[in-house]
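I have placed the structure first, in the form of structure tokens, so that the comments after it can refer back to it.
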Amino acid sequence: MACREHLPKNRGKWVFAGITCVSVVVIVTTVLAITLRQPGCELEACSPDADMLDYLLSLGQISHRDALEVTWYHAANSKKAMAAALNSNVTVLEADVNVEGLGTANETGVPIMAHPPAIYSDNTLEQWLDTVLGSSQKGIKLDFKNIKAVGPSLDLLRRLTEEGKVQRPVWINADILKGPNVPISFEVNATQFLALVQEKYPKVTLSPGWTTLYLAMFPNRTYTRAMVEKMHELVGVVPQRVTFPVRSSMVRAAWPHFSWLLSQSERYSLTLWQAASDPMLVEDLLYIRDNTAVHQVYYDIFEPFLSQFKQLACKERNWEG
Ligand SMILES: *[C@@H]1O[C@H](CO)[C@@H](O)[C@H](O)[C@H]1NC(C)=O
Ligand SMILES: *[C@@H]1O[C@H](CO)[C@@H](O)[C@H](O)[C@H]1NC(C)=O
Ligand SMILES: *[C@@H]1O[C@H](CO)[C@@H](O)[C@H](O)[C@H]1NC(C)=O
Ligand SMILES: *[C@@H]1O[C@H](CO)[C@@H](O)[C@H](O)[C@H]1NC(C)=O
């Protein structure tokens with residue numbers, strides 16, 4: 001409009017006006033692009049369905065497309081734990097989502113940050129996202145503990161994404177199949193979980209897992225081929241990237257199955273995790289590392305095992321870590 005008010009009569013002025021308009025548009029676009037962009041992050045690598053390694057690489061937080069460089073904070077749920085996680089140098093926050101008052105007369109349907117059996121928290125998912133998105137560039141992995149938490153949480157994520165606030169990868173985790181040594185069913189309903197993601201917030205990375213129990217007496221009892229095939233049946237057809245959380249103490253004994261799983265799709269990766277009480281064999285981790293490409297397996301492992309493993313992996317592959 002500003003350009004039209006001073007319509008020039010001759011060609012020279014037209015050209016001048018044209019150049020001025022184009023310059024203004026270019027300057028405004030550039031300023032907007034610089035303001036809205038997160039420093040160092042290319043737009044595609046910053047979307048919720050982006051590859052975690054591409055995102056962290058574009059921020060300069062990792063130096064290679066190597067999933068061993070990604071670091072994790074567990075159960076960043078309460079306000080205190082969340083603050084500690086945000087102040088740490090980890091690259092991805094993992095947190096648990098439950099429903100406030102679940103299973104009691106006081107059930108509200110509000111997604112909160114709590115690991116069962118906790119059904120109350122000083123942090124709702126909304127408060128958590130507000131703080132984490134507003135004050136960090138860390139990747140996000142949300143672990144859903146009950147199907148009732150999934151719908152409202154995805155609605156919230158969708159709204160925040162439409163407002164331009166979710167410019168980073170989001171992993172949506174739930175244990176949707178019964179896994180090794182688990183006598184009862186407490187998994188999240190797989191059909192409903194996958195349908196909710198497709199319907200409400202499909203631009204994510206899926207992290208579908210198995211419920212597990214580790215029995216120290218029977219270290220050879222692990223994931224079966226049938227469990228792994230069932231999972232591939234469920235997610236072989238979805239469009240998302242998929243990372244399978246696998247309990248690290250049981251991965252070596254089931255390696256033929258997971259190796260098969262990884263070979264089924266370029267979209268697949270593994271995230272090895274460790275329960276605090278689990279024994280850990282660094283040799284097992286090295287075996288996995290030696291039999292996969294470095295972008296295929298994330299290692300969410302406690303110290304001191306992680307450092308020991310990184311040292312050995314570094315020696316073997318000349319990895320700069
Ligand atoms: C991150 O912090 C931990 C302990 O707080 C420290 O041991 C480690 O060296 C740090 N890593 C980097 C890459 O700064
Ligand atoms: C529900 O909340 C009320 C009021 O805070 C409390 O008195 C009651 O014990 C709660 N009920 C349950 C089942 O937690
Ligand atoms: C999961 O939910 C679907 C759809 O609501 C239902 O048909 C199915 O029986 C449920 N599966 C299990 C194992 O409960
Ligand atoms: C585990 O090892 C025990 C003893 O060696 C054997 O009896 C059992 O069949 C094994 N179980 C599996 C699932 O391989």
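Order of appearance sets the numbers: ligands from 1, and atoms from 1 within every ligand. Numbers here are sequence positions counted from 1. In this text, all values refer to a predicted model and were calculated from it rather than measured experimentally.
In this structure, atom 11 (N) of ligand 2 is in close contact with the protein, since a protein heavy atom lies within 4.0 Å of it. In this structure, atom 14 (O) of ligand 1 has a protein heavy-atom contact shorter than 4.0 Å. By the definition of a contact as any protein heavy atom under 4.0 Å away, atom 4 (C) of ligand 1 is not in contact.
Residue Thr104 places no N or O, backbone or side chain, under 3.5 Å from any N or O of ligand 2. At under 3.5 Å, not a single nitrogen or oxygen of Thr191, backbone or side chain, sits near a nitrogen or oxygen of ligand 3.
Atom CD of Glu107 is surrounded by more than 12 heavy atoms from other residues, nucleotides or ligands within 6.0 Å.
By the 30° and 60° cut-offs, the orientation of the rings of Trp210 relative to Phe244 is tilted.
Per-residue contacts place Asn89 under 4.0 angstrom from the following atoms of ligand 1 (heavy atoms of the residue considered): 1 (C), 2 (O), 3 (C), 8 (C), 10 (C), 11 (N), 12 (C), 14 (O).
In this structure the side chain of Asn123 never reaches within 4.5 angstrom of the side chain of Ser78, judged on heavy atoms.
The residues Arg65 and Asp54 are annotated as salt-bridged, a charged nitrogen and a carboxylate oxygen being separated by less than 4.0 angstrom. A salt bridge is absent between Lys141 and Asp143: the closest approach of a Lys/Arg side-chain nitrogen to an acidic carboxylate oxygen does not fall below 4.0 angstrom.
Of all protein heavy atoms, the one closest to atom 6 (C) of ligand 3 is Asn189 ND2, 4.2 Å. Atom 2 (O) of ligand 2 has as its closest protein heavy atom Asn106 ND2, 2.3 Å.
At a cut-off of 3.5 Å, with distance as the only test, a side-chain donor of Ser47 or Asp49 sits close to an acceptor on the other residue.
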